[in-house]
Amino acid sequence: MTPLIIFFLFSLILCIILSIVGHRLPTRSLNLEKLSPYECGFEPHTSARLPFSLRFFLIAILFLLFDLEIALLLPLPSALASLNPTLSFLLAFIVLAILTLGLIYEWVQGGLEWAE
Amino acid sequence: MSLFSIIISLIHILLIIVPVLLSVAFITLGERKALGYMQARKGPTLVGPYGLLQPIADGVKLFIKEPIKPSSAASWLFLATPILALTIALILWVPMTFPHQFSSINLSLIFILTLSSLAVYTILGSGWASNSKYALLGAIRAVAQTISYEVSLGLTILCIIVLAGNFNLTSIYESQTYSWFILTCAPVSIMWYISTLAETNRSPFDLAEGESELVSGFNVEYAGGPFALFFLAEYSNIIFMNALSTILLLGGGSPLEILGWPQTILVALKITFLSFVFLWVRASYPRYRYDQLMHLAWKTFLPLSLGLLTFIAAIPIALDFLPPY
Amino acid sequence: MSFVLCSLVFGGGVIVFMSRSPYFSALGLVLATCGLSGVLMLGGAVFVGLILFLMYLGGMLVVFAYSAALAADIYPEVGAGKGLVITLVGAAVLAMVVEVSWGVVEVKGLGVQEDLLGISGLYLDSWAGLLLGAFGLFVCLFVVLCLVRGVGRGALRAV
C-alpha cells in the first residue's frame, strides 16, 4: 500500500508545483475589466447562478438509482463462480427485471423526454 | 520502508508519469496534424522539424501566460480544481498493466471506476467556482452527460467482468488469450467505445464546450497555467480510456503475448489506433443535440446494456462452464 | 495512517456544520467519506470500502453537489471552521509524510478480498436482502417520478 501512497503524494505535489509555476512565472497586470466574469463583452448584469432546473435534477436522481443498481450487481461475478451459479443468475435476472420495469414505467410516463 | 525502496518507487513513478505527460503533449500535435490533413491543410509545421516541437512551444506559452482569477470567483476552490483534475488523471494510471506493474491492486476495475467518477467533481467545482454564467451552464451540462454515460459504462464493464470472472486487469488480459472480447461481445464493445467518447467529453459529444453557445464551457474563466492543467488532464484521460479499451476489448498484446517487447509495442500501437479513431470521429461528425445525447444514453444504451448483461451472464451457465476457464 | 483518515473524517464533519452554503457542506461530506472508506480499506474490507467510496462519492454526493450547484446561491462562503480544517488537514498530511518515511504503515495490500467472497453471499443465502434492495430501488424510482412527473403535473414544479 505504501507505494500507492507515494504515488498519490507524488502526483499531488507535482500538480501543485505546476500550478505554482503557472501562477508565479508570468508577470501580472490586473485591472477591473480583466477580472470581471466573462459574458460576451457585456457587463455581467445579473447573478451567475441559475434558476433550479428540474430536468437536470431528474437526470441526477435517475443516475443515482441506476448507480446503486450497479453496486448491487458488482458482486455477481464472484457469485457466479461459487457453489450455486444458477440461483445467483436467477437472482441477478430478477434484480435486472425489476429495474427494467422501473425504466419502462419511467419511459412511458415521459420522465426521459427532453424536448417537448 | 527503507529509503532505498522509496527511491526505487519514486523512479518507477517517474517512469510512468513522464511518458504519460509526453504522450499527452504529442497527442495534441497528432490531433492538430490529423485534423489538418483531413481538412486538406498541413497543420503546424514551423516549430522544429515537421512541427514536432510545437507541443513544447505550446506548453511554454501556456505557462508564461497570465493566469486570471475573476474577482467574483470562490478563491480556493477555483485554484484547487485544476490541481485535483490532473492528480486524478495521473493516479488513474496506477492499476494499468505494464511489463513491470506498479501495484498489484486486485480490484483494479473498481478502483478505476471510483477514480473516474471523482473527475465529475473537478468539472462541477471549476464551473461553479468561476461564478460565471457560461462556466456554470457548461459544468452542469458536462456533469449531466458524464453521469448519464457512467451508468452505461458501468453496465458494459460488468458484462466483461462476468465473462472474465475477475476485477483484475491482468487476469482480464489473460482471459483473452484465445479470443478478444470485442469478438465475443461486439455490441457491448461498440457501446463501450461510444460511451468513452461521451465520458471524456469528446466530439460529437462535446456539448459541454459548444463554442457557438457556451464559448468554452466549464473552463472559460481559466487561462495560462491552470488551463494547461485541465488540458493535460483531459488528454491524459483520453489516452487512459483508450488504453483501458485496448486491455478490456482488444486483448492487450494478444497475438504476441509470448514475446516480451513486441507485445508492449503492439499494445502501444492499439492504443494509438484507438486514439486516432477519436480524432477521426472529431473530424467526421457534427455535434449532437442535447436531447439526442440524452436519448442515446437513457433510451438506447441503458435498456440495451441491461438486456445484454442478462444474456452474457447466462452464457457461461447455459454452456456449463465457469469464468476462469 | 488511521490518524490521517480520522482527521479527514473530523475535518469533513467540521466543514459540514460550520459552512454557510450547502455547496461547501457537500464538499465536507466528500472529505468525510474519503476518510471513512479509507478506514474500511485499512481494516481489510477493500471491496466494501471501494464500493462505499464509489456509491457515496461517485453517486450520492455528486447528486447533492449538483443540486446545490443548481440552486441559486449568490455569496458562497466557507464560514467559521476554516482555520480548524486547514490545521487538521495540514496535520494529516504531516502525519502521512512522517508515517510513510518512518515506515509505521503496515497494512495488507489491496490484493486481499475476503470481503468480496462474503458479499457474494448476497446472491446465495441472503437473497432476501438483495431482492429487498432491488425492490427499494424500484419504489424510489416510482416515488421520484411521481414527485416530478412531466413538468407541470407533479408535486415538485420548476418555478
Q: Write down the atom of B:Leu229, the atom of A:Cys15, and the distance for their closest heavy-atom approach.
A: CD1-O, 4.1 Å

Q: Between chain A and each of B:Leu84, B:Leu232, B:Ile16, B:Val151, count heavy-atom pairs under 4.5 Å; write down the option with the most.
A: B:Val151

Q.
Tell me whether B:Phe240 at atom CZ has more than 12 heavy atoms from other residues, nucleotides or ligands lying less than 6.0 Å away.
A. yes

Q | Point-to-point distance, once rounded to the nearest 0.5 Å, from OG of B:Ser5 to CD1 of A:Ile6 | A | 7.0 Å

Q: Drop me the distance from A:Leu99's CG to B:Leu306's CG, to the nearest 0.5 angstrom.
A: 7.5 Å

Q: Examine whether an atom of A:Phe10 lies under 4.5 Å from a heavy atom of chain B, and if so say whether it belongs to the side chain, the backbone or both; otherwise answer neither.
A: side chain

Q: Kindly compute the distance separating CD1 (A:Ile16) from OG1 (B:Thr87), expressed to the nearest 0.5 Å.
A: 7.0 Å

**Q.** Residue-level interface, residues 89-96 of chain B with chain A, non-hydrogen cut-off under 4.5 Å
**A.** B:Leu90, B:Ile91, B:Val94

**Q.** Top contributor to chain B interface from A:Ile20, A:Leu14, A:Leu62 [non-hydrogen pairs under 4.5 Å]
**A.** A:Leu62

Q: Examine whether an atom of B:Leu10 lies under 4.5 Å from a heavy atom of chain A, and if so say whether it belongs to the side chain, the backbone or both; otherwise answer neither.
A: side chain

**Q.** Spacing of CZ belonging to A:Phe63 relative to OG1 belonging to B:Thr146, to within rounding of 0.5 Å
**A.** 9.5 Å

Q: Can you see which heavy atom on B:Phe111 is nearest to which on A:Phe8, and at what distance?
A: CZ-CZ, 4.2 Å

Q: Quick one: do B:Leu79 and A:Ser19 satisfy side-chain contact (heavy atoms from CB on, under 4.5 Å)? Show the steps, please.
A: CA-CA 8 Å; B:Leu79 299 180; A:Ser19 174; 5.9 Å; no

(Q) For B:Ile64, which atoms come within 4.5 Å of any heavy atom of chain A: side chain, backbone, both, or neither? (A) both

(Q) Using heavy-atom distances under 4.5 Å, tell me whether A:Leu12 contacts chain B through its side chain, its backbone, both, or neither. (A) both

Q | Toward chain A: residues of residues 153-160 of chain B with heavy atoms under 4.5 Å | A | B:Gly154, B:Leu155, B:Leu158

Q.
Given heavy-atom pairs under 4.5 angstrom as the criterion, report whether the side chain, backbone, both or neither of B:Pro82 touches chain A.
A. neither

Q) Which residues satisfy the side-chain contact (heavy atoms from CB on, under 4.5 Å) test with B:Thr310, sequence neighbours excluded? A) A:Phe89, A:Phe93, A:Leu96

Q) Non-hydrogen atoms of chain A under 4.5 Å away: do they reach the side chain of B:Lys65, the backbone, both or neither? A) backbone

Q. Does B:Phe63 have any ring pair (Phe, Tyr, Trp, His ring centres under 6.0 Å) partners at least two apart in sequence or in another chain, and if so, which?
A. none

**Q.** Proximity breakdown for A:Ile13 and chain B, heavy-atom pairs closer than 4.5 Å
**A.** neither

Q) Side chain, backbone, both or neither: which part of B:Ile317 has an atom under 4.5 Å from a heavy atom of chain A? A) side chain

Q. Pick from A:Leu64, A:Leu73, A:Val21, A:Thr100: which one has the most heavy-atom pairs with chain B under 4.5 Å?
A. A:Leu73

Q | Contact origin within A:Glu69 toward chain B - heavy atom pairs under 4.5 Å | A | side chain

(Q) Does any backbone or side-chain atom of B:Leu86 lie under 4.5 Å from a heavy atom of chain A? Answer side chain, backbone, both or neither. (A) both

Q.
So, taking the atom named CD1 in B:Ile147 and the one named CG in A:Asp67, what distance separates them when rounded to the nearest 0.5 Å?
A. 9.0 Å

Q | Nearest heavy-atom neighbours spanning A:Ser11 and B:Ile17 | A | CB-CD1, 4.3 Å

